[in-house]
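Below you'll find the structure, written out as C-alpha cells, and then a few comments.
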Amino acid sequence: MEMRVMTDGKRRKSLAVAAAVLGGVLVLSACNDDNGGSASGSATPPSQSQVDEAAEAAKTSKAQITIAPKTGTQNASINNDAKVTVTEGKLTDVTMTSAEGTAVKGEIAADGLSWKPTEQLERATVYKIAATATDAAGLEAHENSSFTTVSKANSFIGNFTPEDGSTVGVGMPVSINFNKAITDKAAVQGGITVTSSAGQEVVGHWFNGQRLDFRPEKYWTEGSTVTLKLDLDGVEGADGVFGVQQKTVTFKIGRNQVSTVDVATKTMTVTQDGKTIKTIPISAGSPENPTYNGQMVISEKFKETRMNGATVGFTDDDGKGEYDIKDVPHAMRLSTSGTFIHGNYWGPDSIFGSANTSHGCVGLNDVKGAGDPNQQAAWLYDHSIVGDVVIVKNSKDKTIAPDNGLNGWNMSWADWKAGSEA
C-alpha cells in the first residue's frame with residue numbers, strides 16, 4: 001500500500017487559504033467602517049454569520065475521521081482497540097508507528113471507510129496514528145492520536161495445553177494456567193469457550209485463582225475435534241489487570257486407549273476402543289510407598305529422563321535422594337508430584353508381575369538405554385500418546401487429587417460443575 005503523509009507545507013497552504021478568506025472579511029468590514037465615518041477609525045469585529053460564511057468559503061473537508069483509542073488512552077488492547085474510521089469521505093493514508101519510529105503494518109478496507117493494523121501490537125508501548133481522508137470534493141481532512149498499550153504488569157495471559165494441531169488421548173483436558181491470580185473468574189471464563197465436534201457438553205472448573213480446566217462428563221469421543229477459543233482481549237481478570245489473548249486452538253482426539261493397573265495382581269491391561277490389546281506384568285509402589293489410586297492422564301513423555309528422589313521428598317539422612325537414576329527409560333508422567341509409568345532396567349526380571357517395589361511409580365521391564373523395542377516398557381511407550389488414561393486400582397494408597405496433574409476425572413460430574421463460574 002502506498003503510504004502518503006501530508007507535509008507541513010500542505011497544511012500551511014490550507015491554513016493560509018482559510019486565513020486569507022477570513023482576512024478578507026476583516027478588510028471589508030474596516031473599509032465599510034471607514035466609509036461610515038467612524039470617529040475612532042477602528043475596525044468593527046466581523047459578525048458570526050460573516051465568520052461562518054468565510055469558513056464555508058474556505059471549503060473545509062466534510063470528511064470526519066475517528067481514531068480509536070483516543071489520544072491519551074492507557075492500557076489499550078494489543079489486539080482490537082486500534083482502528084480508524086471515516087464518514088463523508090474515504091481514507092487515503094494511515095500511518096501507525098511506535099514512539100521509537102517502528103512502523104506498524106496495516107490495511108485500508110476496500111471501501112475506504114476503515115483501517116486497522118494487520119499485526120499484533122506490543123505491550124507497554126506508545127503508538128501514534130496519523131490519518132488522512134478526502135471528501136467527495138477532494139478536500140483533505142486529518143486526524144492524529146497517541147496511546148499506550150497495556151503493560152505486562154497490567155495484563156495476564158493463560159498458558160494452555162494441549163497444543164494447537166496435536167492429537168491426544170481421550171482423557172486430555174483443556175488446562176489453562178494464568179500467570180496472574182484471577183479474581184473475576186466469571187468474566188474470564190466468559191471469554192473462553194471449549195466445544196467438541198461430537199456435541200459433548202464441556203464445562204470449566206476452577207481449581208484455584210490461576211488454573212481453569214475444561215472437560216466433558218465422560219472421556220472425549222474418539223476421532224472428534226475439540227476447539228478452544230480464547231477471547232480474553234480487554235477482559236479485566238483482576239483490578240486493573242486485563243487479558244491480551246485472542247486465539248483459536250483445535251486438537252484431535254485419537255483412539256480410545258485406557259490402561260488399567262491392578263496393584264493387587266501386579267498386571268496392567270491395555271484396551272483400545274474397549275478391546276484388550278495387551279496384558280503386561282508390572283511392579284507398582286511398595287507397601288511403604290504405595291501408588292496412588294485413580295484415573296490419571298499421561299501429560300508428558302520422555303524416552304529417557306533423570307529421576308532424583310530428593311525432588312519428591314525421598315531423601316536419606318544426608319539429604320540426598322534415596323535414588324538418583326539419570327537415565328530412566330520410557331518414562332511417562334502421570335502426576336505433578338512425580339508419579340510416572342516407566343521402564344525399569346535395575347530391578348531383576350522376577351519382580352514384574354510378582355512384587356511391588358517402587359517408590360510409587362508403575363514400573364515395566366526394560367533395558368538400559370531404551371534401545372530394545374521388544375521390551376514391555378518400549379511397547380507401551382510406542383503405543384501411548386499424551387492424553388491417554390492410566391487407571392490404578394487396588395492400591396493401599398488414597399485416590400490421587402484431581403489437581404495433581406491432569407487428573408480431574410477423579411471428581412464427580414456434580415462437583416466438577418460446581419467449580420464452574422459460567
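Computed over heavy atoms, backbone and side chain alike; hydrogens, waters and symmetry mates excluded. In this text the structure is predicted, and so the values were computed from the model without any measurement.
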Q: Using the test salt bridge (Lys or Arg N to Asp or Glu O under 4.0 Å), find all partners of Glu201 that sit at least two apart in sequence or belong to another chain.
A: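 Checked Glu201 against salt bridge (Lys or Arg N to Asp or Glu O under 4.0 Å); matches are Lys417.
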Q. Salt bridge (Lys or Arg N to Asp or Glu O under 4.0 Å) with Asp184: which residues, sequence neighbours excluded?
A.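 Applying salt bridge (Lys or Arg N to Asp or Glu O under 4.0 Å) to Asp184 gives none.
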Does a side-chain N-to-carboxylate-O contact under 4.0 Å join [X] and [Y]?
X: Lys70; Y: Asp81; value: no
X: Lys326; Y: Asp324; value: yes
X: Arg211; Y: Asp403; value: no

Gap between atom [atom2] of [Y] and atom [atom1] of [X] - 0.5 Å precision:
X: Lys180; Y: Lys152; atom1: NZ; atom2: NZ; answer: 9.5 Å
X: Glu421; Y: Ile192; atom1: CD; atom2: CD1; answer: 12.0 Å
X: Ile129; Y: Ile65; atom1: CD1; atom2: CD1; answer: 11.5 Å

(Q) Can you confirm whether Met268 sits close enough to Val270 that some side-chain heavy atom of one is under 4.5 Å from a side-chain heavy atom of the other? (A)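 Yes - at least one pair of side-chain heavy atoms lies under 4.5 Å apart.
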Q. Do Trp346 and Asn344 touch side chain to side chain, with heavy atoms closer than 4.5 Å?
A.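 A side-chain contact under 4.5 Å exists here.
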Side-chain H-bond candidate by donor/acceptor type, [X] with [Y], under 3.5 Å:
X: Gln376; Y: Asp366; result: no
X: Asn159; Y: Asn177; result: no
X: Thr267; Y: Asp262; result: no
X: Gln245; Y: Asp233; result: no
X: Tyr219; Y: Gln200; result: no
X: Ser420; Y: Gln189; result: yes
X: Ser77; Y: Asn80; result: no

Examine distances only and state if a side-chain atom of [X] and a backbone atom of [Y] form a donor-acceptor pair shorter than 3.5 Å.
X: Thr73; Y: Thr71; value: no
X: Asn407; Y: Leu334; value: yes
X: Glu140; Y: Thr134; value: no
X: Ser61; Y: Ala63; value: yes
X: Asn410; Y: Gln295; value: yes

Q: Check Asp213 against Ser175 and note the closest heavy-atom contact, atom names and distance.
A: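 For Asp213 and Ser175, the tightest heavy-atom pair comes out as OD1-OG, 2.7 Å.
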Q) What are the two closest non-hydrogen atoms of Ser335 and Ile400, and how far apart are they? A)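 So the two residues come closest at CB-CD1, 3.6 Å.
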Listed pairs under 3.5 Å, donor-acceptor, residues 160-172 side chains, sequence neighbours left out:
{"from": "Asp164", "atom 1": "OD1", "to": "Thr250", "atom 2": "N", "distance (Å)": "3.0"}
{"from": "Ser166", "atom 1": "OG", "to": "Glu163", "atom 2": "O", "distance (Å)": "2.7"}

(Q) Would Lys83 pass as a cation-pi partner of Trp115, given that its NZ or CZ must be under 6.0 Å from the six-membered ring centre and within 45 degrees of the axis? (A)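 Verdict for Trp115: no cation-pi partner in Lys83.
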Q: Anything under 30° is parallel, anything over 60° is perpendicular, the rest tilted; go ahead and classify His205 against Trp416.
A: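 Aromatic pair His205/Trp416 classed parallel.
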(Q) Between Tyr381 and His383, is the ring centroid distance below 6.0 Å? (A)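 Not under 6.0 Å, so no.
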